[in-house]
Participant: 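First the structure, which I've put down as structure tokens, then a few questions once you've had a look.
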There are 2 protein chains.
Amino acid sequence: MSSEVTGAPPTGDALTPGARRVLDAAAELFYGRGINAVGVDLIAKQAGVTKKTLYDRFGSKEALVAAYLRERDERWRRWLTARVNEAAEAADLAEVGAPEQEAARAAVRVLATFDALERWMRRENPRGCGFVNAAAELPDAAHPGRQVIADQKRWLRGYLRELCHAASASDPDTLADELVLLHEGAMVLSGLAIVDAPVRLARDVAVRALAQRGVVGT
Amino acid sequence: MSSEVTGAPPTGDALTPGARRVLDAAAELFYGRGINAVGVDLIAKQAGVTKKTLYDRFGSKEALVAAYLRERDERWRRWLTARVNEAAEAADLAEVGAPEQEAARAAVRVLATFDALERWMRRENPRGCGFVNAAAELPDAAHPGRQVIADQKRWLRGYLRELCHAASASDPDTLADELVLLHEGAMVLSGLAIVDAPVRLARDVAVRALAQRGVVGT
DNA sequence: GTACGAGTAGACCGATCGGTTTACTCGATA
DNA sequence: TATCGAGTAAACCGATCGGTCTACTCGTAC
């Protein structure tokens with residue numbers, strides 16, 4: 001009787017207080033130590049909750065992993081779009097003629113993704129991309145977390161494509177792929193601490209890629 | 001009495017037949033399923049060996065992980081340098097004047113690293129960079145495998161620096177860092193299958209980076 | 001006033017974890 | 001002939017794995 005396992009994991013906002021603490025603890029532990037290195041007992045303990053609560057709310061460790069990735073994805077998307085829009089609004093485009101104003105603002109947006117990434121890495125991603133790390137630990141294609149990872153990467157590509165189109169770049173789709181490449185490379189190098197300022201480096205390369213594609217701006 | 005644990009793990013070539021099979025099994029399982037998802041029992045079973053042999057030869061799982069990474073590193077270095085040298089020898093530089101011959105050959109070498117990478121990813125790295133994946137699973141800075149990972153990445157940077165210097169690039173060190181960035185980004189995207197031909201893409205960006213640095217050639 | 005959702009406390013399950021141990025076999029070397 | 005390194009076979013260790021279960025306590029909403 002009593003509590004029945006909810007088949008679908010929580011959407012993110014309608015969490016009970018216990019579930020909220022479980023997800024927070026899981027996020028910290030999964031990212032910091034690796035998914036397979038963290039047991040459900042430890043998560044429950046750190047959340048100040050019993051395993052029963054964890055399983056009543058999330059159903060399985062697999063589902064909890066997927067929920068962790070989903071929420072991380074949401075946070076990243078909100079962060080990125082917010083920083084990009086801020087930069088576009090703050091940009092001073094006085095010397096740009098009215099006809100090119102829109103394209104110039106889009107160019108600012110593209111480069112702002114690198115600034116957003118740089119701050120994100122410092123604040124939330126010192127151990128590299130959480131999705132790439134998760135993919136390394138989830139070789140099983142059937143794992144529900146794999147879908148979240150694929151969605152995350154596809155979303156970034158789509159978002160950069162939009163920005164490249166708006167910036168009137170020639171061959172915007174290829175340019176977007178190149179920007180994704182630079183983003184991923186910068187994230188890996190940030191986690192490995194082998195190059196000094198990898199995101200800055202990626203941004204510099206991006207600037208040249210933009211210029212080469214006829215994008216006006218910075 | 002009998003067998004004593006060897007403190008230092010084997011160097012790679014002087015392995016007993018049992019140790020050889022253990023290392024081969026470990027390499028396949030660690031890369032294919034992730035380090036933390038594979039137990040020593042499974043490795044021993046797949047190698048057709050008892051756990052005693054595994055522990056007599058390697059001492060601990062940690063040391064076995066380090067040995068796996070060391071051998072993978074050696075294989076990659078051998079592969080990369082061999083392909084690069086092949087390409088340099090095969091290059092037809094008839095129309096290049098004698099004074100620039102050496103620089104032109106070095107330029108060929110730089111681009112050959114991407115061709116070598118592309119074939120390596122198809123043959124040995126379908127799940128992405130084994131070192132980046134391992135880093136995701138080894139958050140403990142004291143783990144012996146971490147040193148191997150850092151060495152591997154630093155070696156690539158040093159190798160690319162040599163090639164960039166030999167190619168008479170302006171600012172060769174920064175160029176080398178950019179090439180490392182492109183290599184890492186291409187490896188991540190190869191593992192995630194989100195972009196069609198990530199290594200080809202990285203190579204194209206590299207060509208432009210070379211031209212921008214005054215490197216003659218392809 | 002009672003039914004229900006969210007929670008605690010904690011025992012329990014079989015399986016597996018990394019690692020150790022004892023006892024024995026085999027082939028080569030000295 | 002004696003020794004020794006490499007190996008097999010298999011039991012054993014305490015700890016932890018993901019997951020289940022019973023019994024009970026709240027607070028709220030109908």
Side-chain angles (χ1 to χ4, degrees), chain A residues 1-11 13-26 29-30 33-68 137-138 140 142-145, chain B residues 1-11 13-26 29-30 33-68 137-138 140 142-145:
Chain A
M1 294 49 320
S2 75
S3 54
E4 298 181 13
V5 172
T6 329
T11 24
D13 3 41
L15 295 179
T16 61
R20 179 72 267 157
R21 295 203 307 276
V22 167
L23 194 47
D24 288 344
L29 290 167
F30 283 156
R33 306 191 194 184
I35 291 169
N36 290 329
V38 171
V40 287
D41 296 82
L42 178 60
I43 295 170
K45 187 183 168 191
Q46 182 137 325
V49 140
T50 55
K51 277 206 286 181
K52 180 166 188 309
T53 298
L54 189 156
Y55 277 93
D56 282 349
R57 296 300 128 233
F58 295 93
S60 70
K61 187 187 176 182
E62 263 196 1
L64 178 58
V65 168
Y68 146 64
E137 296 206 76
L138 308 177
D140 180 9
H143 193 291
Chain B
M1 309 340 49
S2 77
S3 57
E4 298 180 13
V5 172
T6 328
T11 25
D13 3 40
L15 295 178
T16 63
R20 180 71 267 157
R21 295 203 308 275
V22 167
L23 193 47
D24 287 344
L29 290 167
F30 283 156
R33 307 193 192 181
I35 292 169
N36 290 329
V38 171
V40 288
D41 295 83
L42 178 60
I43 294 170
K45 187 182 168 191
Q46 181 138 327
V49 140
T50 55
K51 279 206 285 181
K52 180 164 186 310
T53 297
L54 189 157
Y55 277 93
D56 282 350
R57 298 298 127 233
F58 295 94
S60 71
K61 188 188 178 184
E62 262 196 1
L64 179 57
V65 168
Y68 147 65
E137 297 205 75
L138 308 177
D140 179 9
H143 194 291

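Naming: A, B, ... by sequence-line order, numbering from 1 per chain. Keep in mind it's a predicted model, so treat the numbers as computed, not measured.
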Participant: Rounded to the nearest 0.5 Å, what's the gap from CG on A/L138 to CD on A/E62? Could you check?
Facilitator: 8.5 Å

Participant: Tabulated below should be each protein N or O lying under 3.5 Å from an N or O of nucleotides 27-30 of chain D; please produce it.
Facilitator:
none

Participant: What is the distance, to the nearest angstrom, from the CG atom on B/L54 to the C1' atom on D/dA6?
Facilitator: 14 Å

Participant: Identify which one of A/L29, A/L64, A/V65 satisfies the side-chain contact (heavy atoms from CB on, under 4.5 Å) criterion when paired with A/I35.
Facilitator: A/V65

Participant: Send over the distance from A/L29 CG to D/dG18 C1', rounded to a whole Å.
Facilitator: 16 Å

Participant: Calculate the interatomic distance between B/F58 atom CZ and C/dG19 atom P; express it in whole Å.
Facilitator: 14 Å

Participant: Do A/L42 and A/R33 make a side-chain contact, defined as non-hydrogen atoms from C-beta onward lying under 4.5 Å apart?
Facilitator: yes

Participant: Just call it for A/V22: base, sugar-phosphate, or nothing, with non-hydrogen atoms closer than 4.0 Å on any strand.
Facilitator: nothing

Participant: Look up atom CG in A/L15 and atom CZ in A/F58, then write down how far apart they are to the nearest 0.5 Å.
Facilitator: 5.5 Å

Participant: Rounded to the nearest 0.5 Å, what separates atom CD in A/E137 from atom NE2 in A/H143?
Facilitator: 10.0 Å

Participant: Would you say A/R57 places a side-chain N or O within less than 4.0 Å of OP1 or OP2 belonging to C/dG7?
Facilitator: yes

Participant: Starting at atom CZ of B/F30, determine the distance to atom C1' of C/dG18, rounded to an integer number of angstrom.
Facilitator: 12 Å

Participant: List every contact pair, protein side and nucleotides 8-10 of chain D side both N or O, where the distance is under 3.5 Å.
Facilitator:
| unit_1 | atom_1 | unit_2 | atom_2 | d |
| --- | --- | --- | --- | --- |
| D/dT8 | OP1 | B/G48 | O | 2.9 |
| D/dT8 | OP2 | B/T50 | N | 3.4 |
| D/dT8 | OP2 | B/T53 | OG1 | 2.8 |

Participant: Using side-chain heavy atoms (C-beta onward) and a distance below 4.5 Å, is A/D56 in contact with A/T53?
Facilitator: no

Participant: Could you state the atom-to-atom distance from OH of A/Y55 to C1' of D/dC21 in whole Å?
Facilitator: 14 Å

Participant: Measure from CG on A/D41 to P on C/dG10 and round the result to the nearest Å.
Facilitator: 15 Å

Participant: Test side-chain contact (heavy atoms from CB on, under 4.5 Å) on B/T16 and B/R57 and set out the steps.
Facilitator: CA-CA 8 Å; B/T16 63; B/R57 298 298 127 233; 3.5 Å; yes

Participant: Would you say C/dG7 has OP1 or OP2 under 4.0 Å from some side-chain N or O of A/T16?
Facilitator: yes

Participant: Let me know the distance between CD1 of A/I43 and C1' of D/dC17, rounded to the nearest Å.
Facilitator: 12 Å

Participant: Could you tell me whether A/R20 and A/D24 make a salt bridge, using a distance below 4.0 angstrom between a side-chain N and a carboxylate O?
Facilitator: yes

Participant: Which whole-number value in Å describes the distance from B/K45 NZ to C/dG18 C1'?
Facilitator: 18 Å

Participant: Using the test side chain to side chain donor-acceptor pair (under 3.5 Å), find all partners of B/K61 that sit at least two apart in sequence or belong to another chain.
Facilitator: none

